[in-house]
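Structure record follows, encoded as structure tokens.
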Amino acid sequence: MTHPIIADLESRYTAKRYDASKRIPQADLDVIYQAMNLSASSINSQPWKFIVIESDEAKQRMHDTFANKFQFNQPHIKAASHIVLFAHNPKYSREDYAKVVDKGIVDGRTAPENREQAFGAFAFVDLNTDENGNNATWTKAQTYLALGNTLHVLARLGIDSTTMEGVDSELIGEIFKDELDGYECGVALAMGYHHSAEDYNAALPKSRLPIAQVLQVL
């Protein structure tokens, strides 16, 4: 099949080594950040924060979060152009959703007189919240919608990436406590340009199960 979307996805892969001399242009970063902000989420909840690791100082802090485990991902931190922490709110509340509802009123999505009615969608949050007010499993799932969207945007822009679930959430929580402000990070994304001589994965062919094994049309 020949289609730009398929071409994007055929070219996308997980980079294993980055060229530390290359940086993502600001114009492309602006597109990436806007696309992340436009990502889908259940009931438009947007229970996330995207913390971008760009400066040398921030990269050193992120590098330090690998002190205890997942050291195989540590080289990406300083070699990649940027790292994004996909953080989620573990106790998403009605007050949090009120910000979404009120922004919808400002944007003309919801009529002011329908404000209280708009909270009916919050029932989906209640369904995923335990007796302690924790709904982290649900909110973390929303960050993966944003992550998937970002991966395709990067492929379209010709920027390489590495999804990292191999991160130390506890150390990230300590070292980036102020920035997270109660949010938690369970997955991060390295972005940049692969090292042409050292990234073995770049030359390997794409491999997926046959579509007939994973897709049923009823």
Side-chain angles (χ1 to χ4, degrees), residues 3-15 24 28-53 73 76 80 82-104 107 109-110 118-130 133-157 159-167 169 172-173 176 179-192 208-209 211 214-216:
H3 190 283
I5 292 175
I6 300 304
D8 291 343
L9 299 177
E10 286 281 3
S11 66
R12 195 215 67 78
Y13 75 102
T14 298
I24 300 171
D28 285 347
L29 288 171
D30 292 341
V31 173
I32 294 165
Y33 299 156
Q34 185 69 6
M36 288 163 56
N37 191 52
L38 289 169
S39 296
S41 59
S42 178
I43 65 168
N44 196 28
S45 53
Q46 305 166 69
W48 48 45
K49 282 186 179 182
F50 308 117
I51 298 174
V52 180
I53 309 298
N73 276 328
H76 301 324
H82 291 70
I83 309 296
V84 181
L85 306 183
F86 285 76
H88 59 280
N89 183 347
K91 293 191 174 184
Y92 191 82
S93 67
R94 183 181 171 89
E95 289 69 30
D96 293 313
Y97 192 55
K99 297 175 185 177
V100 173
V101 172
D102 290 338
K103 185 60 165 62
D107 292 338
R109 181 179 177 87
T110 302
F119 282 94
F122 193 77
F124 287 97
V125 183
D126 288 331
L127 287 171
N128 290 281
T129 303
D130 67 18
N134 189 295
N135 41 43
T137 299
W138 181 79
T139 55
K140 183 179 180 180
Q142 309 313 311
T143 67
Y144 282 85
L145 298 178
L147 175 61
N149 181 41
T150 306
L151 291 175
H152 191 176
V153 171
L154 292 172
R156 170 53 59 99
L157 294 172
I159 297 170
D160 298 312
S161 60
T162 306
T163 300
M164 299 182 293
E165 283 190 312
V167 292
S169 296
I172 289 174
F176 291 93
E179 292 85 356
L180 287 168
D181 191 26
Y183 282 56
E184 298 175 354
C185 174
V187 62
L189 181 68
M191 310 185 300
R208 292 293 187 271
L209 293 171
I211 193 169
V214 298
L215 178 71
Q216 283 186 300

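The structure displayed is predicted, hence computed values, not measured ones.
Under the 4.5 Å side-chain criterion, counting only non-hydrogen atoms from C-beta, Leu9 is in contact with His152. Between Ile83 and Met164 the shortest side-chain heavy-atom distance falls below 4.5 Å. Residues Lys49 and Asn89 form no side-chain contact, since every pair of their non-hydrogen atoms from C-beta on lies 4.5 Å or further apart. The shortest side-chain heavy-atom distance between Ser161 and Leu151 falls under the 4.5 Å cut-off. Proximity of Ile32 to Ile159: side-chain heavy atoms (C-beta onward) are separated by under 4.5 Å at one or more points. When side chains are defined from C-beta on, Val100 does not count as touching Lys103, because their heavy atoms never get closer than 4.5 Å.
In this structure, the salt bridge (charged side-chain N to carboxylate O under 4.0 Å, His left out) partners of Asp102, at least two apart in sequence or on a different chain, are Arg115. Scored by the salt bridge (charged side-chain N to carboxylate O under 4.0 Å, His left out) test, Arg156 finds Asp8 as partners (sequence neighbours excluded). Remark: Thr163 pairs with no residue by the side chain to side chain donor-acceptor pair (under 3.5 Å) rule, at least two apart or across chains. In this structure, Asp181 has no salt bridge (charged side-chain N to carboxylate O under 4.0 Å, His left out) partners at least two apart in sequence or on a different chain. With sequence neighbours excluded, no residue forms a salt bridge (charged side-chain N to carboxylate O under 4.0 Å, His left out) with Arg109. By the side chain to side chain donor-acceptor pair (under 3.5 Å) test, Gln46 is found to be paired with Asn44, residues two or more places apart in sequence or in another chain being considered.
For the pair Ile172 and Cys185, the tightest heavy-atom approach, listed with the atom from each and the gap, is CG2-CB, 4.0 Å. Residue Ala136 comes nearest to Glu184 through the heavy atom pair CB-OE1, 4.5 Å, listed as atom of the first residue, atom of the second, then distance. A pairwise comparison of heavy atoms in Gly173 and Leu180 identifies CA-CD1, 3.7 Å as the closest pair. Of all heavy-atom pairs between Tyr183 and Pro47, the closest is CE2-O, 3.9 Å. Closest of all the heavy-atom pairs between Gln142 and Trp48 is O-CZ3, 3.2 Å. The minimum heavy-atom distance between Ala80 and Ala190, with the atom names listed, is CB-CB, 4.0 Å.
Within 6.0 Å of atom CG in Leu38, more than 12 heavy atoms from other residues, nucleotides or ligands are found, so the atom counts as buried in its surroundings. Counted within 6.0 Å of CZ on Phe124, heavy atoms from surrounding residues, nucleotides or ligands total 12 or fewer; the atom is thus considered open.
Relative ring orientation between Phe122 and Tyr97 is described as tilted, the plane-to-plane angle lying within the 30° to 60° band.
Remark: of the listed residues Thr143, Ile51, Val167, Thr143 is the sole one forming a side-chain contact (heavy atoms from CB on, under 4.5 Å) with Phe86.
Interatomic distance, Leu145 CG to Ser45 OG, rounded to the nearest 0.5 Å: 9.0 Å. Atom-to-atom distance recorded for Thr137:OG1 and Asp130:CG is 8.5 Å, nearest 0.5 angstrom. Note that CE of Met191 is 6.0 Å distant from CG of Leu154, once rounded to the nearest 0.5 Å. The CG atom of Asn134 sits 15.0 Å away from atom OH of Tyr92, with the distance rounded to the nearest 0.5 Å.
Counting only N and O atoms by type, the side chains of Thr129 and Asp126 include no donor and acceptor under 3.5 Å apart.
Looking at Asn135, its side chain never comes within 3.5 Å of a backbone N or O of Val125 through a donor-acceptor pair.
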